[in-house]
Amino acid sequence: LDTFFVLLKSLLREQLLKQAEKIQILMIKACSDEAEILKVIEFLNELRSRGFGLFLPVYNTLLIALGKFDMDTVSKNVYYQMVDSGVKPSLLTFNTMVNVLCKKGKVEEAYGFLGLILQADFRPDTFTYTSLILGHCRKCNLDAAFGVFNHMQEEGCLPNSVTYSTLINGLCKEGRIDEALVMLNQMVERDCQPTVYTYTVLLTTLCSLGRVKEAFDLVEDMKNRGCPPNVQTYTTLISGLCRCKKLEDACDLLKEMISNGLVPNTVTFNALINGFCSEGRVDSALDIFNRMEKHSCMPN
RNA sequence: UCUAGAAC
């Protein structure tokens, strides 16, 4: 970060504003944790106090980065600062605010920003509505989620596969797996391709209910639809097999994923270690633990 | 600037 700071100071000294903007964006995207992003904000404030206000793309990049770390309070501060500085938010700005608030379950506040979208004469889009659906699902308010789902279509805004996956996940988390499976069929009928996310959501729930047979049938479906399982999908299935004490099958699946060119991660190994430990097979668990290093996988 | 969804 210090390198970025030095570079930016020289660029601004030379009044190279367009270049400075590009560097500011790179700097924000380089932040890998909350502490770094806070340092960046502090530095950008220093620039502002010296008369170098931030442009819209910089604000949007900053809000997107804050959203990735679920920093809704800081997001709001940055948003208000942006408005105070006379920079007009775009739909992307509002959508980013709606999303961070919905992720944190602050649906009321998210609707405040929806109001601002309408006031600014923008049309909420699929991103906006999908975030609102997510917010309602996080609050276990499926009725409201479906309300948004219907409303967006009345407004001529089509749900996409992310919208469906979000709703399907909401149904699953509420224990309504069979309705979720109906929605999967519905999205296919409506020409909306399920993605690996959609399937993994459903597989997670089927596995957690011990419905492993159905889970593997669904894996066949997804493969047939040209949607190959990824690391998270395999991890879900391994965890499901472990839950049913099918530990050897779980190990076979680990081999299969590796032979498919996938790289198991810490979560994958945790699932296996947990499975063996739950059955008292600590020695096997230790073997797996020791294999993590070979896969350049850090225990957490 | 190009933002929304999943695994232990």
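Remember, predicted model here, so these are calculated numbers, not experimental data. Worth knowing before you read on, the calculation uses all heavy atoms, side chains too, and leaves out hydrogens, waters and symmetry mates. Just so we're on the same page: letters track the sequence lines, and every chain starts at 1.
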Have a look at [X] and say if it touches a base, only the backbone sugar-phosphate, or nothing, with a 4.0 Å heavy-atom cut-off.
X: A:S90; value: nothing
X: A:K22; value: nothing
X: A:I64; value: sugar-phosphate
X: A:R243; value: nothing
X: A:N99; value: sugar-phosphate
X: A:T235; value: base

Could you report the tightest heavy-atom contact between [X] and [Y], atom names first, then the distance?
X: A:Q193; Y: A:S161; value: O-CB, 3.2 Å
X: A:N99; Y: A:S131; value: ND2-OG, 3.1 Å
X: A:L114; Y: A:P124; value: CD1-CG, 3.8 Å
X: A:Q24; Y: A:L44; value: NE2-CD2, 3.9 Å

Under a 4.0 Å N-O cut-off, is there an ion pair linking [X] with [Y]?
X: A:D252; Y: A:K246; result: no
X: A:K213; Y: A:D217; result: yes
X: A:E248; Y: A:R281; result: yes
X: A:E109; Y: A:K104; result: no
X: A:E42; Y: A:K39; result: no

**Request:** Test A:N270 against every option in A:T235, A:N265, A:N300 by the side chain to side chain donor-acceptor pair (under 3.5 Å) rule and name the one that passes.
**Result:**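 Checked A:T235, A:N265, A:N300 against A:N270; only one passes side chain to side chain donor-acceptor pair (under 3.5 Å): A:N300.
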
Members of [range] that approach RNA chain B, where some heavy atom sits under 4.0 Å away:
range: residues 257-286 of chain A; answer: A:N265, A:V267, A:N270, A:A271
range: residues 200-231 of chain A; answer: A:T200, A:V201, A:T204, A:N230
range: residues 160-168 of chain A; answer: A:N160, A:S161, A:V162, A:S165, A:T166
range: residues 43-58 of chain A; answer: A:L56, A:P57
range: residues 143-150 of chain A; answer: none

**Prompt:** Where does the angle between the aromatic ring planes of A:F94 and A:F113 fall among parallel (under 30°), tilted (30 to 60°) and perpendicular (over 60°)?
**Reply:**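 Taking A:F113 first and then A:F94, their aromatic rings sit tilted (interplane angle of 30° to 60°).
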
**Message:** Using 30° and 60° as the class boundaries, would you call the ring planes of A:Y129 and A:H151 parallel, tilted or perpendicular?
**Reply:** perpendicular

**A:S75 side-chain N/O to A:M97 backbone N/O, donor-acceptor pair under 3.5 Å** = no

**Hydrophobic cluster membership, A:F52 vs A:L1, 4.5 Å side-chain cutoff** =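 A:F52 and A:L1: one cluster.
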
**Request:** Kindly work out whether a path of hydrophobic side-chain contacts (I/L/V/M/F/W/Y, heavy atoms less than 4.5 Å apart) joins A:L202 to A:V212.
**Result:**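 Yes; A:V212 is reachable from A:L202 via cluster members.
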
**Message:** Using a 6.0 Å cut-off, check whether atom CZ of A:R48 has over 12 heavy atoms from anything other than its own residue.
**Reply:** yes

**Request:** Measure the CE-CD1 distance between A:M71 and A:I41 for me, rounded to the nearest 0.5 Å.
**Result:**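 It is 6.0 Å, given to the nearest 0.5 Å.
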
**Asked** Mind checking which nucleotides bracket the chain A contacts on RNA chain B, 5' to 3', with an atom under 4.0 Å from a heavy atom?
**Response** B:U1 to B:C8

**Message:** Between A:Y197 and A:Y164, does the ring pair (Phe, Tyr, Trp, His ring centres under 6.0 Å) criterion hold? Intermediate values first, please.
**Reply:** CA-CA 10 Å; A:Y197 274 75; A:Y164 275 102; over 10 Å; no

